[in-house]
Amino acid sequence: MANVYGTQQTKANSVPMKMGDAHSMGGRMRVLSDSYVIPAASSVAVGDVLTIGELPRGARVWEAHLGASASSGSATLALGTIVTSGGVTTTTAAALLAAAVHSSNFNRSIESGQTATTASVVPLSYPDGATIIVTNATAKWTSGVTITCTIKYTID
């Protein structure tokens with residue numbers, strides 16, 4: 001029976017030894033997390049953008065979670081990014097999670113190897129950094145609902 005090694009372990013076993021990728025071998029996981037309570041007299045409408053925070057240059061997103069404390073009504077929440085690269089700013093409303101109606105029983109996340117039949121979509125690389133946003137595409141957000149977002153990332 002032969003032993004086989006993953007890509008990073010093969011680098012470590014080589015002579016002379018090669019350095020593995022920092023984000024894959026002993027890298028430090030960092031967290032970007034925030035929440036927002038929709039005001040009672042909600043002025044958050046279709047097309048409005050909730051900014052969660054900034055990812056630094058070179059960030060690799062390993063997990064992203066978007067949740068709501070109660071039903072978002074008919075409003076759909078998407079988790080996206082704003083990226084500026086080479087002087088061009090691109091907003092991708094559903095870069096991390098596609099739009100869907102949320103409730104306290106419907107919190108969504110991406111993570112490595114979600115299912116045995118789905119190829120991993122992570123890490124998502126942001127060499128120029130990114131602004132993490134939550135958008136609403138279909139209706140006014142329900143007042144009093146708390147929207148939470150947590151991003152786990154590494155930096156090379």
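A donor-acceptor pair under 3.5 Å is absent between the side-chain atoms of Thr84 and the main chain of Thr89, judged by distance alone.
Distance check: Asp34 CG to Leu32 CG gives 7.5 Å after rounding to the nearest 0.5 Å. Rounded to the nearest 0.5 Å, atoms OG1 (Thr81) and OH (Tyr126) are 4.5 Å apart. Remark: Ile132 CD1 to Cys149 SG distance equals 7.0 Å, nearest 0.5 Å. Rounding to the nearest 0.5 Å gives a distance of 12.0 Å between CG of Leu55 and CD1 of Ile82. Interatomic distance, CE of Met29 versus CD1 of Ile155, reported as 11.5 Å (0.5 Å rounding). The line from CH2 of Trp62 to CG of Leu124 is 10.0 Å long, rounded to the nearest 0.5 Å.
Pairs passing the salt bridge (Lys or Arg N to Asp or Glu O under 4.0 Å) check and including a residue from residues 123-136, sequence neighbours excluded, read Arg57-Asp128.
Of all non-hydrogen atoms in Leu97 and Ala64, the two that sit nearest each other are CD1-O, 4.3 Å. The nearest pair of heavy atoms linking Ala93 to Ala78 is O-CB, 3.5 Å. The two residues Thr146 and Ser35 have their closest heavy-atom pair at CG2-CB, 4.1 Å. Minimum heavy-atom separation, Ala99 to Ala94: N-CB, 4.5 Å.
Shown are Thr148, Ile151, Ile147; of these, the side chain to side chain contact (heavy atoms under 4.5 Å, CB included) with Leu66 is made only by Ile147. Applying side chain to side chain contact (heavy atoms under 4.5 Å, CB included) to Tyr153 and the options Pro123, Pro56, Ser125 leaves one that passes, Pro56.
By the side-chain contact (heavy atoms from CB on, under 4.5 Å) test, Thr51 is found to be paired with Val49, Thr131, Ile133, residues two or more places apart in sequence or in another chain being considered. With sequence neighbours excluded, the residues satisfying side-chain contact (heavy atoms from CB on, under 4.5 Å) with Val31 are Ser33, Thr150, Lys152.
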